[in-house]
Each structure stands twice: as structure tokens, then as C-alpha cells.
Amino acid sequence: MAEEKKLPNELEGEILTDERVKVKKPLMYRVVLLNDDYTPQDFVVWILEKIFLKSKQAAATIMLEAHTKGKAIIGIYTYDIAKTKVLHVISLAEKNQHPLECVIEPEGENG
Ligand code: TYC
């Protein structure tokens, strides 16, 4: 009688293990602060401290970079965290009637 060929996963008595674990690095996004002519500097610094957990010194440096150059990178986060922080900024800015804006950009894109 012809021997039946078994597929690899039907081999009797074998313990099948696969040690390879594929872990993909998450895509990362920059949160970029945009300058405007109306939002008070102190409010921008407060936002950076409150939402992005920056020190007063770091917040002031980022605010001044946006103020002088037009924009500044606040930080790099996973998509959900970046998006949540941006929505939080816009919500607080609107509540205080400031036009402050920040946007997210895929990390790796020029800018
Ligand atoms: N340019 C604003 C002013 O002079 C301050 C400011 C800084 C606004 C950074 C936004 O992202 C910003 N009042």
C-alpha cells in the first residue's frame, strides 16, 4: 500500500512551534505647532506644558521657534496619541478664542 504523504502540520508526535514573532514598528507622526499673529505667547507655553508635558523652558523654546520660523516640531508620537493631543490643543484654543493650530505629519516626510 502506498504510503500516504502527510503535510508538515499533520506529522504525528511533533510539537510545532514557531519562534519567529513579527513585531512591526508603529508608524510615527510629528506634531507641528503653527505660528499665528494672535495667540498670546503665554497661552502657547501653557498648552505645551499641559498637553505635551514640556518643562517651562522647553515649552518657551518651542513656542519661540514657531514664533520666529513659522512652525516647530513639538514631538513625535504614535498616530492615536498625536491625533488626541492635536484635538485637545484645538479644543482648548477654541474655548479660549485663540486661533492656535497644530497639525500632524508622518515622520520621515520632509519638512
Ligand atoms: N506669534 C504669536 C504672538 O506674537 C505667539 C505664537 C507663538 C503663536 C507660537 C502661535 O505657535 C505659535 N502673540
Side-chain angles (χ1 to χ4, degrees):
M1 193 167 70
E3 200 180 312
E4 185 188 333
K5 279 218 172 113
K6 288 182 173 170
L7 294 170
N9 64 356
E10 291 175 318
L11 292 170
E12 282 164 357
E14 296 273 338
I15 297 170
L16 297 176
T17 59
D18 188 344
E19 293 296 320
R20 290 166 303 171
V21 178
K22 287 175 194 153
V23 181
K24 276 194 183 169
K25 277 198 222 145
L27 297 174
M28 301 300 280
Y29 294 81
R30 298 192 280 257
V31 175
V32 180
L33 178 68
L34 304 179
N35 188 37
D36 66 72
D37 291 338
Y38 306 102
T39 306
Q41 294 193 351
D42 285 352
F43 181 82
V44 181
V45 170
W46 176 74
I47 285 280
L48 294 172
E49 291 178 286
K50 185 175 169 65
I51 300 176
F52 296 93
L53 309 179
K54 302 291 182 183
S55 66
K56 193 169 275 303
Q57 178 78 63
T61 302
I62 295 166
M63 182 280 294
L64 284 174
E65 186 178 341
H67 179 69
T68 54
K69 297 186 183 160
K71 61 182 182 174
I73 297 173
I74 302 172
I76 297 166
Y77 307 93
T78 57
Y79 182 81
D80 285 355
I81 292 174
K83 190 79 190 170
T84 303
K85 286 181 186 294
V86 166
L87 291 175
H88 202 168
V89 170
I90 291 167
S91 162
L92 284 173
E94 280 176 357
K95 264 187 201 144
N96 289 275
Q97 296 179 297
H98 298 313
L100 183 64
E101 279 204 67
C102 60
V103 295
I104 70 174
E105 294 176 352
E107 175 62 352
E109 236 174 44
N110 300 327

Rounded distance [0.5 Å steps], [atom1] in [X] versus [atom2] in [Y]:
X	Y	atom1	atom2	value
I81	I104	CD1	CD1	12.0 Å
T78	Y29	OG1	OH	9.5 Å
N96	E94	CG	CD	10.5 Å

So do [Y] and [X] actually touch side chain to side chain, heavy atoms under 4.5 Å?
X	Y	result
V44	I62	no
I51	L92	yes
T84	Y77	no

Closest non-hydrogen atom pair, [X] against [Y]:
X	Y	value
A72	A66	CB-N, 3.7 Å
R30	P106	NH2-O, 3.9 Å
P40	H98	CD-CE1, 3.3 Å
L48	A59	CD1-O, 3.3 Å

Are I90 and F43 connected in a single hydrophobic cluster, I mean Ile/Leu/Val/Met/Phe/Trp/Tyr linked by side-chain heavy atoms less than 4.5 Å apart?
-> yes
So if you build clusters from Ile, Leu, Val, Met, Phe, Trp, Tyr with side-chain heavy-atom gaps below 4.5 Å, do L33 and Y79 land together?
-> yes
Please answer whether the main-chain N or O of T61 pairs with a side-chain N or O of K54 as donor and acceptor at a distance below 3.5 Å.
-> no
Between T68 and L64, is there a donor-acceptor pair closer than 3.5 Å when you use the side chain of the first and the backbone of the second?
-> yes
Can you pull the salt bridge (charged side-chain N to carboxylate O under 4.0 Å, His left out) pairs that have at least one residue in residues 36-53, sequence neighbours excluded?
-> E49-K56
Could K85 and F52 be counted as a cation-pi pair, given that NZ or CZ must be under 6.0 Å from the ring centre and within 45° of the axis?
-> yes
Residues in side chain to side chain contact (heavy atoms under 4.5 Å, CB included) with L34, at least two apart?
-> V32, K71, E101, V103
With respect to M63, which candidate in T39, V45, N35 satisfies the side-chain contact (heavy atoms from CB on, under 4.5 Å) definition?
-> V45
Answer yes or no: are there more than 12 heavy-atom neighbours, outside L27 itself, under 6.0 Å from its atom CG?
-> no
